[in-house]
Protein chains: 2
Amino acid sequence: MPPPALHNAVLDAVGRAITSGDVAPGTPLTLESIGTQHHVSRTVAREVMRMLEGLGLVRSRRRVGLVVLPREEWNVLDPRVIRWRLAGPGRDEQLRTLTELRHAVEPLAAAGAARHASAAERAELVDLAARMRVLGSRGDLTDFLALDVRMHELLLRASGNEMFGALAVVVAEVLAGRTHLGLMPASPVPEALDQHEAVAHAVAAGDAPAAEAAMAALVGEVRRALDTATPAEETP
Amino acid sequence: MPPPALHNAVLDAVGRAITSGDVAPGTPLTLESIGTQHHVSRTVAREVMRMLEGLGLVRSRRRVGLVVLPREEWNVLDPRVIRWRLAGPGRDEQLRTLTELRHAVEPLAAAGAARHASAAERAELVDLAARMRVLGSRGDLTDFLALDVRMHELLLRASGNEMFGALAVVVAEVLAGRTHLGLMPASPVPEALDQHEAVAHAVAAGDAPAAEAAMAALVGEVRRALDTATPAEETP
DNA sequence: GGCAAGCCATTGGTGTGACCAATTGCGGCC
DNA sequence: GGCCGCAATTGGTCACACCAATGGCTTGCC
């Protein structure tokens, strides 16, 4: 692995500070302040600024500095932003909105996969579901997570729509976050295992409607689990 | 308006070259080659590189240069990437996949808006739909586009889910691309106007299922129009 | 006393040159 | 022939210098 680059460390620090709310929107930063606070040169501060700008976290304005943008401007679908926010306050809200996005996308993606997946992809899906069942009976969360991520990524990428494929990193981040933050049961509930198998077999059989329904049920289960875990704060 | 920054011009040029396929994945660029080809200093080339890296178009490796990544790694949901690709080859495929994404997301977003939108947002939606009908009877495409974009953006942002809101820029880019590329009828079809009004009124009335259905019909209409315009190239 | 025009400090934008460090590929040595 | 090590290449970082907007402050006029 490449040694952790300097600008990445600074980017992480500043990105976390902004997404966590420690630095309020409207606050003006300057290249010099970033440089001195993190003991880096203007060059590095400048590159960090460009990356933050690309993430929609700041906007650079002459004579003013780097203005922190309101949350509506953030690229909340970028994996880095998701990771930062999952580690900060508002974690529950984050998981709720991302799960709702999954609810919108993954059923259609499963239907697409049932139509477009290659033979190898169909076989791997069935294999993954079977291995998840085996691992699920034990309590190995990290290995189970890897299979879970792989399965959803495979479904999204095999959907025949690269826009869905681009959301694979989002789903992976959500699954990883849910596990690492201790929001997963010690042992997967049997329903989840059943539903994963149902999706895999429907896709393998090329049954798009069944795949869509099975995936909808799966994500719906996750939504319900989140709703009960986190008392809903409705804004009527 | 701020004067077009130098690095943005270079970013645009290189980004277009990569997304259009003129520079194949795996091709190694160097900071120096970028600098000399576009007559900019290493500083600017470096910032361009960081932005391209943020878009997932390249990965920088020492002693190798900037390796162009395969399409699966691209941030295909980033507005800049979308704009570049809509202007290059594969425009039809791009519109198809983005429309399918809209098909997944916008109905759920409309349902969310029916539940969470503020009074002002509901009023603006109804007003927008009415003005679209007025403008639609004439042939003013650019003004109509502005209303169309505003309405979909409003729906996505009022959905109560910021992930949907983040896709507003995507939808705006699609609508703008469809219009600017001459893929819109000279005068909007009456069905589209009806459906926009149906969505607006359902949201205003707080009828989430009706809003979801109306939006599904609207996007479905778009998909059908695209399918007939572009003979489907199925991969059975 | 209020308001408008113009000056000027601040800050990002760009260029230059230097040196460091990782990585790869070649060539020599065993 | 294979392995080890050296060296060239290239991104990573730094320091310095100058340009160009731009927002605030000051000045001067009405």
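Lettering follows sequence order; numbering is per chain, from 1. All values derive from a computational prediction rather than experimental measurement.
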Exercise for the section: Could you check whether A:Thr30 gets within reach of a base, just the sugar-phosphate, or nothing at all, counting any heavy atom under 4.0 Å? Expected result: sugar-phosphate
Problem - Integer-rounded Å distance: C:dT14 C1' and A:Leu31 CG - result: 13 Å
Handout entry: d(CZ, A:Arg42; P, D:dC18) in whole Å
Key = 14 Å
Exercise for the section: In plain terms, say whether B:Arg50 and B:Glu53 are close enough for a salt bridge, that is, a side-chain N and a carboxylate O under 4.0 Å apart. Expected result: yes
Practice task
Return the value, rounded to whole Å, for the distance between atom CG of A:Leu6 and atom P of C:dA22.
Solution key: 13 Å
Handout entry: Atom-to-atom span, CZ of B:Arg59 to C1' of D:dT10 - whole angstrom
Key = 17 Å
Handout entry: Whole-Å gap separating P (D:dC14) and NE2 (A:His38)
Key = 13 Å
Handout entry: Nucleotide D:dG11, atom P - distance to CG of B:Leu29 in whole Å
Key = 9 Å
Handout entry: Distance-only side-chain donor-acceptor flag, A:Thr97 / A:Glu100, under 3.5 Å
Key = no
Exercise for the section: Any ring-ring contact (aromatic ring centres under 6.0 Å, His included) involving residues 142-183 of chain A? Give me the pairs, sequence neighbours left out, ordered by first then second residue. Expected result: A:His152-A:His196
Exercise for the section: Please evaluate the base of D:dT10 for a donor-acceptor partner in the side chain of B:Arg46 within a cut-off of under 3.5 Å? Expected result: no
Exercise for the section: Consider the side chain of A:Arg63, meaning its heavy atoms from C-beta on, and name the nucleotide among D:dC14, C:dG13, C:dT10 that approaches it most closely. Expected result: C:dT10
Problem - B:Thr43, nearest nucleotide to its side chain (from C:dG15, D:dC14, D:dG12) - result: C:dG15
Practice task
Remember a base hit wins even if backbone is also touched, and classify B:Arg50 as base, sugar-phosphate or nothing at under 4.0 Å, heavy atoms.
Solution key: sugar-phosphate
Handout entry: Position toward the 5' end of DNA chain C (nearest nucleotide), B:His7 or B:Val64
Key = B:His7
Exercise for the section: Pick base, sugar-phosphate or nothing for B:Arg61, based on heavy-atom distances below 4.0 Å to the nucleic acid. Expected result: sugar-phosphate
Practice task
Would you mind reading off the distance between B:Glu47 atom CD and D:dT13 atom C1', rounded to a whole angstrom?
Solution key: 14 Å
Handout entry: Electrostatic pair B:Arg150-B:Glu124, nearest N-O below 4.0 angstrom
Key = yes
Practice task
Starting from P on D:dT10, measure out to CD1 on B:Ile34 and report it in whole angstrom.
Solution key: 13 Å
Exercise for the section: Answer yes or no: side-chain N or O of B:Ser60 and base N or O of D:dG11 forming a donor-acceptor pair under 3.5 Å. Expected result: no
Practice task
Give the nucleotide from the list C:dA22, C:dG13, C:dG15 with an atom nearest to the side chain of B:Val44.
Solution key: C:dG15
Exercise for the section: Not counting sequence neighbours, list each pair that qualifies as a side-chain hydrogen bond (donor to acceptor under 3.5 Å, both in side chains) and has a residue in residues 63-79 of chain B. Expected result: B:Asp78-B:Arg80
